[in-house]
Every structure is written in C-alpha cells, then in structure tokens.
Amino acid sequence: MLKRFALLAVVGCALALAVYAAADKPAEGAKQLPVPEMKFNDVKEIAPGVFFRYSSISANDKNIPFGGSNHTWVVFKDYVVVIDANFPKEAADVIADIKKTTNKPIKYVLDTHHHGDHAYGNAVWAKEGAKIVAHTNAARLMKTNGPKQWEEAAKDRKDIKDSELKQVDISFDDKYELKDDTQHVVFMHFGHMHTPGDASAYLPKHKILCTGDACVNGAFNYMGHSNSASWIKCLEAMDKLDIDLICPGHGKPARKDLIAKETRYFTELRDAVKKGIDAKKSVEDITKGLDFAWYKEWTGVGVVETDMNKDSVKHVYNELQGKIDHDRLGATSAPLNWRQPPTGIASR
C-alpha cells in the first residue's frame, strides 16, 4: 500500500509541475541566471534576494573538512526562508552569514531530509525564532528514530552533544507554499529518492531548484536510505520543472543537466548490477568490473573508487534481489562522515 502511495505521489507531483512551470514567469527577454564561481564557504547572491552558501566537501581528499550541507536563503518582504539546517556548529556559521545579507528575521527553515548534516542544527535555528518545516516522512523519522540516532551522533560531534534534537514544527505531504509580492518558494516532495522524506525547494520566479541530497553535484550520493528505482522516476518528474539553476545539497551550483547526470548514474548502475546478477556474479565481482568513464569525468572520482560508492553497488545489488524493505529505510543511522558506509542496513 505504501509503495502505491509513493507512486501516486510521483504522478501527482508531475501533474503539478505544469502549473508551476507556467506561473511566475520572468519578464520576456530575461537573461538566464549565471552559474556562480565559488570557493568553500563563499556566499553569493544568485538572484535578487536569493543567496547561496557553498559548504566544503571532497569525495577523496580527507584533508578537506566536511562542512555539512549547502544553504540557500530567500529574503521575502518581511522574513527569511532558509533551505537546510546543517549541523549545530555550521548552523551558527550560516546564521552569521545570513545576518550580513539582511536584518530580517529567519521565519522558516526547511529540512530537506532527516540526516544530521541537514537537520541536526534545528535547535540553533529555533533559537532565532524559526519554524522547522519538513516532509511528513522526514518528520516521522526524526520522531521515531531521531532520539537514538542523535545519541549515537553525539558521540562523534561535540556540537551535537552540546545541543538538542529539535523536532519538526510544520510537516507537509505534497507541497508547502510561501509567497508574497517579492518572492515565491514551493517546498515539494517528489517521492522516495535519497530518503523517504526528501523535499526540494522550487523558486518559480527565478527558475531555481534547491534539491537537498535528491540531486548532488559530485560523488556524494549516499544510497543507504534510498529507493533507486523510485529515485530515477522522481528525477524524471523533477526534470519537468522550468529550471535555470540547481542549488544541490552538496557540490557546486549547476545547470539543469545535473538532473540528467544523476539519472544516468542510477540508471546505468542498476543496469550494470542487474547484468551481473543475471550472470550469477558476486557483488564483489560486479564491483570490480564497474567503470563509467563519463562519471569520473563529471565527479573526478571513479564510480567505485570510494567506500560510499562501493556501498551503493551493494545497496542496488540487494534491492534488485528483493532484500531491501524500502518502507523501513531511514530507521538506521546515516554516517556523519558521509565518505564511510553505514554501520547497518534496514532489510528484511
């Protein structure tokens, strides 16, 4: 039944896309938004009243500290809307940067999903007076599994130990819309992608999509809580939006073709693993035989060069053999150091 609802969610979202594609169209002759050149921790105004902060990350250089999620914030007439909460320490850093761009209060923060680098800073934002918004499934996972996962995470990060788990204030099923005469943001759920509770933020007026980890720019796809078949369908639905610029959860901003790259990665990975299973190969042998030249050209990392990418092969291998219960994904902790695979996987 849950799988049927997930399919209906993708279909329903796809039908709604045409409405948003036609709404808030920029003036005739408006130029395409430029893709900003950015260094770690840079903040740039990517559209009028819309700011992007690029957090540090690397798929293969352990000397580069993991700065958690990227951030986008939108300055409305009377308040500010922020995409993602990050870890507590980084949340404080971002708040300081926001205050350099506006003196308006932060009213809403969207958790694009329940993972620590996108949601564990909630309490810091709440102290600023913000309401935390998330999809129903993200809110559910934060409530049912969040306390135990928070306790585990606090062993590795002092900022988590010194903070507290703040639950979601406002949850939604398909969309949550904020609009005044200056800005328009639509929080949208396409279906089970990176997690069961993924949400993206679409700015139809500026043709910007903030994707969280549903679409990332680089070898940053943690698949331990994903439904890869659903992820592909959701990306195809997402691609129907009118987009100039994608602000991913990790990696640099990019053009709309980033969605096609992500779709190709999951599609080719599933196809290659399926062929290996049909040939009765072990997951180890399948992994050894994978080599997507285009993927390395895009990300700078081989398709099975990192521990996380190797774990992705295992996840798809188990999915295709019916060993993954997608309804339970998210019950285990995601790694705080996303380079490493999780300690366990939710399976039958």
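Throughout, numbering of the chain's residues begins at 1 and tracks the sequence. For the numbers below, each heavy atom of this structure counts, side chains included, while hydrogens, waters and symmetry mates do not.
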With heavy-atom distances below 4.5 Å as the criterion, would you say the side chains of W294 and R264 are in contact? yes
Taking S226 for its side chain and M223 for its backbone only, find out whether a donor-acceptor pair lies under 3.5 Å. yes
In this structure, would V75 and V43 fall into the same cluster of hydrophobic residues linked by side-chain contacts under 4.5 Å? yes
Go through the side-chain N and O atoms of T101 and W73 and say whether any donor and acceptor fall under 3.5 Å apart. yes
Using only atom types and a distance under 3.5 Å, with no angle test, would you say the side chain of N227 pairs donor to acceptor with the backbone of S230? yes
Counting N and O atoms only, with roles assigned by atom type, does the side chain of D84 sit under 3.5 Å from a partner on the main chain of D111, one being a donor and the other an acceptor? no
In short, E152 meets S333 closest at the heavy-atom pair OE1-OG, 2.6 Å
Does L241 form a side-chain contact (heavy atoms from CB on, under 4.5 Å) with F190? I'd like the steps, not just the answer. CA-CA 12 Å; L241 287 170; F190 290 88; 4.0 Å; yes
For a side chain to side chain contact (heavy atoms under 4.5 Å, CB included) with F52, tell me which candidate from I83, I46, I208 qualifies. I46
Answer yes or no: is there a donor N or O on one side and an acceptor on the other, between the side chain of D198 and the main chain of T195, under 3.5 Å? yes
Determine, stepwise, if the pair D278 / K274 fulfils salt bridge (charged side-chain N to carboxylate O under 4.0 Å, His left out). CA-CA 6 Å; D278 290 345; K274 177 64 165 58; 2.8 Å; yes
Indicate, with yes or no, if the rings of H184 and H206 have centres closer together than 6.0 Å. no
Would you please indicate yes or no on a ring centroid separation below 6.0 angstrom for H118 and H250? yes
Crowded around E151 CD? As in, over 12 foreign heavy atoms under 6.0 Å? no
Hydrophobic cluster identity match, V133 and V50, side-chain contacts under 4.5 Å: yes
For the hydrophobic clusters of this structure (ILVMFWY residues joined by side-chain heavy atoms under 4.5 Å, transitively), does one cluster hold both L269 and L235? yes
Residue pairs, two or more places apart or on separate chains, that pass salt bridge (Lys or Arg N to Asp or Glu O under 4.0 Å) and touch residues 87-101: R53-D97, K89-D93, E90-R157, D97-K100, K99-E128
Would you find more than 12 non-hydrogen atoms of other residues, nucleotides or ligands less than 6.0 Å from K131 atom NZ? no
Should the pair E268-R270 be classified as a salt bridge under the 4.0 Å nitrogen-to-oxygen rule? no
If you measure only the distance, is there a donor-acceptor pair under 3.5 Å linking the side chains of D117 and N86? no
Check whether any side-chain N or O of W125 sits under 3.5 Å from a backbone N or O of A91 as a donor-acceptor pair, and report yes or no. no
Say you draw a straight line from NZ of K207 to CD of Q32; how long is it, rounded to the nearest 0.5 Å? 7.0 Å
A side-chain contact here means heavy atoms from C-beta on lying under 4.5 Å apart; do N70 and P248 qualify? yes
Exam field: side chain Q183 to backbone P48, donor-acceptor pair closer than 3.5 Å: yes
Output yes when a side-chain donor or acceptor of S55 lies under 3.5 Å from a complementary backbone atom of S69, and no otherwise. yes
Side-chain donor-acceptor pair under 3.5 Å between E262 and N221, yes or no? yes
Does a salt bridge link K166 with D169, judged by any charged N lying under 4.0 Å from a carboxylate O? yes
Does a sphere of radius 6.0 Å around CD in E45 hold more than 12 heavy atoms from other residues, nucleotides or ligands, not counting ones at 6.0 Å or beyond? yes
Can Y295 and N309 be counted as having a side-chain donor-acceptor contact under 3.5 angstrom? yes
From CZ (F87) to OG (S163), nearest 0.5 Å: 12.0 Å
Just by distance, do the side chain of T182 and the backbone of K77 share a donor-acceptor pair under 3.5 Å? yes
Check the pair Y265 / F292 against ring-ring contact (aromatic ring centres under 6.0 Å, His included), numbers first and verdict last. CA-CA 9 Å; Y265 167 59; F292 303 165; 7.1 Å; no
What about V185 and Y176, same hydrophobic cluster or not, with Ile/Leu/Val/Met/Phe/Trp/Tyr joined at side-chain heavy-atom distances under 4.5 Å? yes
Spell out, yes or no, whether I277 and F266 are grouped together once hydrophobic residues are joined by side-chain heavy atoms under 4.5 Å, including indirect joins. yes
Do T144 side-chain atoms and R140 backbone N/O form a donor-acceptor pair below 3.5 Å? yes
Begin from the C-alpha positions of T112 and S200 and carry the test side-chain contact (heavy atoms from CB on, under 4.5 Å) through to its verdict. CA-CA 6 Å; T112 59; S200 298; over 6 Å; no
Does the side chain of N217 come under 3.5 Å of the side chain of W298 through a donor N or O and an acceptor N or O? yes
Neighbour count above 12 (heavy atom, 6.0 Å) for K104 NZ: yes
Rounded to the nearest 0.5 Å, the CG atom of L258 sits from the SG atom of C215 at a distance of 3.5 Å
Does Q149 reach the main-chain N or O of A331 with its side chain, forming a donor-acceptor pair under 3.5 Å? yes
So, for H194 and H115, is the gap between ring centers shorter than 6.0 Å? yes
Could you state the interatomic distance from CZ (F187) to NE2 (H135), rounded to the nearest 0.5 Å? 13.5 Å
Value rounded to 0.5 Å, distance of NZ in K107 from CZ in F76: 10.0 Å
Step by step, would you call T102 with V80 a side-chain contact (heavy atoms from CB on, under 4.5 Å)? CA-CA 9 Å; T102 180; V80 179; 3.7 Å; yes
